[in-house]
Amino acid sequence: MRKYIPSDIEPKWQKKWQEDKLYAIDLDQAAKKYYLLVEFTYPSGDLHIGHWFAFAVPDVLGRMKRMQDYQVFFPNGFDAFGLPAENAAIARGVHPRDWTLSNIENMKQQFGLMGAIHDWENSVITCLPGYYKWNQWIFLKMLEKGIAYKGRALANWCPNCQTVLANENVEAGECWRCGTEVVQKEVEQWFLRITEYADRLLWSDNPTVDWPKPIREGQNNWIGRSEGVNLRFKVKDMDIHFEMFDSVPQTFMAQTFTVIAPEHPMVYELVKGTEHEKEVMGFVEKIKKKKMMNKFEIDRDIEGVFTGRYLEYTPTGKSIPIWVASFVIYEYGTGVVNSSAHDERDFAFAKKYDIPLHPVMFPKDPKEAEKVKNLEYCYHHAPDGILQEPEEFKGRRWEEVRHDIIDYIEKKRYGKRKIQYHLHDWSISRQRYWGAPIPIIYCDNCGTVPVPEEDLPVELPYKVDYTPKGKPPLATAEDWINVKCPNCGGEAKREAETMDTFVDSSWYFLRYLDNKNDTEIASSIRLKALMPVDIYFGGAEHTLGHTLYSRFFYKFLSDLGVLGNLGEEYAKKRVHHGVILGPDGSRMSKSRGNVVNPDEQIKEYGADAVRLYLCFIGPYDIVAPWNPGGLGGVYHFLQRVWLLQEKLGSQAEKLGFKDLNIMHKTIKKVTEDLENIKFNTAVAALMEWLNHLCRKEKVSKEEFRSFLLLLAPFAPHITEELWQILEAKYSIHQQSWPKFDNKHLQQDQVLVVIQVNGKVRDTLLIQNDILSNKEVVEKMAKKSEKIQKFLTGKTVKKTIYVPGKIINLVI
RNA sequence: GCUGGUGUGGUGGAAUGGUAUACACGUUCGCCUUAAGAGCGAAUGGCCUACAGCCGUGUGGGUUCGACUCCCACCACCAGCACCA
């Protein structure tokens, strides 16, 4: 018999499976489909162990599903636009397109070593015109529906990458790619009105799809819906009216001062020509500058300046001083805040600038002051004059009075109910080369003109000077940028900016279905056959970016009617994978030099062992450093599987009860564990069964057969090889998944634990037929010598018996 | 500060109210071998006077016949968000 040498068998089968298109399915008529999706890859050049973890482990699930007669669709592709390609290309003098496409070729080869059921026929590469044509098409549709628009706004600007960044791409004030400090800059940019979908993107407590709670909570917090009122005010002695958002309307009677954001245009109106102008505008400039320098650094210094103005506060008839304060966010709400000094920050501000507050608002007893955080205390304990609650609300609970107060405010016309979101519209303009062109033409006569649909795609020109110069590289591509206006035929220029790559990844899972379709995103036949995605694996880091954007896109496309009637969410189930860290315990990155390339390990132990080890290493959401030490263990396991051949009985051997019991138990365990994304315990169950088999003199064909079938999804190569020896038939991957039989799960006798006062003192083997008879079991338990010792001189007060598990004698 | 999560042997981890530490790594001992490796077998939570005992799942309390598991309070760590009125 040959030794188990993975390199002798793995390439051979990989080649054969590919030639035979063993894993291909018919996308037009997948009757019992299973769409398995893993977040596609950025083509950085080399596959590392993290890619294996992300793709090879879900492949195990996909393979089981195939054997359960599902037509499993497990596509793979590349998220191929984006800054790293451009930066790497600039550094090495290679064109981003060439760099990217050659990386993709290389990575496809490396993916091949995994032995996954990927079908590369249905791949997507987002930087190819056939793909991004549909980016542009969706953009035009959004423009048509008012979801895409051009606006001026302060944006996060990375001076190094020379581009605008989305909020989600700013990490602690730094660019997510290069780590350069981000500054604020006002620029014109294209936005997608995701806020229009804010309410529909919010998760209910009981969603119809199975997405993890952390992602749902995270998205809900990010959307940040808060319900309150917009109160209306007039500035004293001036014809200025404004609104302010208040999410705690319960305190509307308690207002003692007002603060405005420094950026607010009204500030100048208030102080123009007054003695306060110089001081206030100086303060505004100072804060603006500070924010420009490092907006995202947490600045606990709360600063402000009095405008000299007051507002007429209708509900209480009081005059309320108006201040400008550093901490007010212009972009949130109306940029004006009602300060009733019930929260710590407002209180600190008032104290710092001696703004008179009623002293009793804050209790002197520090323990009592703690309660102020709940606001409830304020509401019930504030003195007259500060918190004059309308009669009808006196003595009622804080939360329950909330809606009545909003009604009251509306009735009295002090203001209007308002729903405010933290979520901002999504800026998609990027001042870089390597992205999908935005299909817009600027004409002196006609203004902003969308590129007509029949002219799509607007192809990204190849020959462009893409080194950053402070303006978009495409603006320098003379023969590309200058075009005839599609409207009037006059001289016009194309939009020189490109799209955020998160646009590309917001709908790629639809394109997998129909990647060559030239007339629609995907045919309705295929959409109907394969959507929604059954399970979507990906990283927890995409909670606020990709998974929110893609839900938005799906809802938009659904509203547009291009999806048919597929429901609100694109994936029935979302599963987060963990992170394999570098051996040094930090995230793998080329710059740290701690990237683990699995090539060596595959050479030494084989793809099967690496796959198995990645399953076995821990729960699938584990975040842990790569420790190749355990690889030897799973390799050893495979070797013992290989050696089972020697134990194969010459003919059908009668299996004992124990053999059948462990076999069916393992079938049940592996099936259920894979279904529940518990790969590690599924492998452990196989190991236990193998330990049993190895202890036996002979192994029956039936056992070996079932064992190989269960192992096949984890280790597709070695099981295929052994299958040939066992069955002389191709292929194991076209066999049906074994089923367990309940009758073999029942044991004829059961181990029952005897406890005295909850402590284990003995065990007892009990025949099935007397298992349900409490009296008999109790008698047997009391007879036990070990138990006798604990019972002498004591009385048994109570006996608890859980049939088949435990008997507890209470003395 | 807010939100979500996690705390179990030397290590990765298992156990969702019923024998805590499955499965594996590592370590130690033995067999085999000229030797090494591989392979095979055994032991491996701590303590003790070491086979009739005690302690033990971050800490303290509670519920229960029985708690890693449920409840309350706290501590530590991880992740995300963070001046959101």
Side-chain angles (χ1 to χ4, degrees), chain A residues 3 167-168 171-172 212-222 224-226 228 244-249 251 258-259 261 296 298-302 325-329 331-340 342-346 348-349 373 420-423 540-541 543-544 576 579 612-613 616-619 621-625 627-634 636-637 639-640 643 678 680-691 694 751-763 785-786 788-790 796-802 804-811:
Chain A
K3 270 183 75 180
N167 281 344
E168 293 80 355
E171 292 166 356
K213 193 174 175 177
I215 198 172
R216 288 187 278 119
E217 292 282 326
Q219 293 193 345
N220 280 359
N221 289 344
W222 185 255
R225 182 186 197 273
S226 82
M244 66 169 89
F245 177 66
D246 192 345
S247 75
V248 192
T251 63
T258 289
V259 277
F296 291 88
I298 296 159
D299 186 359
R300 289 279 164 205
D301 269 354
I302 50 172
S326 60
F327 57 81
V328 183
I329 303 163
E331 291 82 12
Y332 185 77
T334 54
V336 190
V337 180
N338 172 359
S339 291
S340 41
H342 59 256
D343 79 36
E344 287 172 57
R345 188 198 55 211
D346 290 352
F349 186 80
K373 282 184 188 156
Q420 186 66 47
Y421 299 94
H422 168 229
L423 185 73
E541 70 274 17
T543 295
L544 303 182
H576 284 163
V579 185
L612 204 60
Y613 182 50
F616 186 57
I617 198 165
D621 58 5
I622 190 177
V623 177
N627 167 22
L631 252 176
V634 289
H636 180 212
F637 166 79
Q639 220 159 21
R640 291 166 73 207
L643 291 172
K678 289 164 78 173
N680 55 334
T681 48
V683 175
L686 286 169
M687 287 173 167
E688 282 182 67
W689 189 14
L690 181 69
N691 287 343
C694 286
L751 198 67
V752 172
V753 171
I754 313 172
Q755 295 183 333
V756 178
N757 279 358
K759 291 201 170 171
V760 179
R761 299 299 178 183
D762 200 7
T763 56
E785 254 180 69
K786 288 182 184 170
Q788 277 294 317
K789 269 184 306 239
F790 289 92
V796 175
K797 276 197 294 200
K798 197 174 166 187
T799 309
I800 290 107
Y801 178 55
V802 184
K805 290 225 163 129
I806 203 159
I807 181 157
N808 190 8
L809 307 171
V810 185
I811 55 173

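Bear in mind the structure is a predicted one, so any value in this text is a computation, not a measurement. Per chain, numbering begins at 1; letters A, B, ... match sequence-line order.
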| remark: Residues passing the side-chain contact (heavy atoms from CB on, under 4.5 Å) test with A:Ile806, sequence neighbours excluded, are A:Val753, A:Gln755, A:Val802
| request: Could you pull out all residues at least two apart from A:Arg225 that satisfy salt bridge (Lys or Arg N to Asp or Glu O under 4.0 Å)? | output: A:Asp199
| field | Rounded P spacing from B:A38 to B:U27 in Å | value | 11 Å
| What distance, rounded to whole Å, do you find between the two P atoms, one in B:C23 and one in B:C29? | 23 Å
| query | When all nucleic acid strands are considered with a 4.0 Å heavy-atom cut-off, which category describes A:Gly633: base, sugar-phosphate, or nothing? | reply | sugar-phosphate
| query | Name the stems that RNA chain B belongs to, where each is three or more consecutive Watson-Crick or G-U pairs with both distances under 3.5 Å? | reply | B:1-7 with B:75-81, B:10-12 with B:23-25, B:26-31 with B:39-44, B:45-47 with B:53-55, B:58-62 with B:70-74
| message | Considering every strand and a 4.0 Å limit on heavy-atom distances, what is the contact class for A:Asn691: base, sugar-phosphate, or nothing? | response | sugar-phosphate
| task | List the protein contact pattern of nucleotides 10-18 of chain B with one symbol per nucleotide (5' to 3'): B for base contact, S for sugar-phosphate-only contact, - for none; contact means a heavy-atom distance under 4.0 Å. | result | --BSSS--B
| query | Is A:Lys789 touching bases, backbone alone, or none of the nucleic acid, heavy atoms closer than 4.0 Å? | reply | base
Could you write out each protein N or O paired with an N or O of nucleotides 3-7 of chain B at a distance under 3.5 Å?
{"from": "B:U3", "atom 1": "O2'", "to": "A:Asn221", "atom 2": "ND2", "distance (Å)": "3.2"}

| said: Looking at A:Thr543, I'd like to know whether one of its side-chain N or O atoms comes within less than 4.0 Å of OP1 or OP2 on B:G80. | reply: no
Hey, what are the protein-to-nucleotides 40-51 of chain B N/O distances that come in under 3.5 Å?
{"from": "B:C40", "atom 1": "OP2", "to": "A:His636", "atom 2": "NE2", "distance (Å)": "3.1"}

| Taking the C1' atom of each, how far is B:C40 from B:U33, in whole Å? | 13 Å
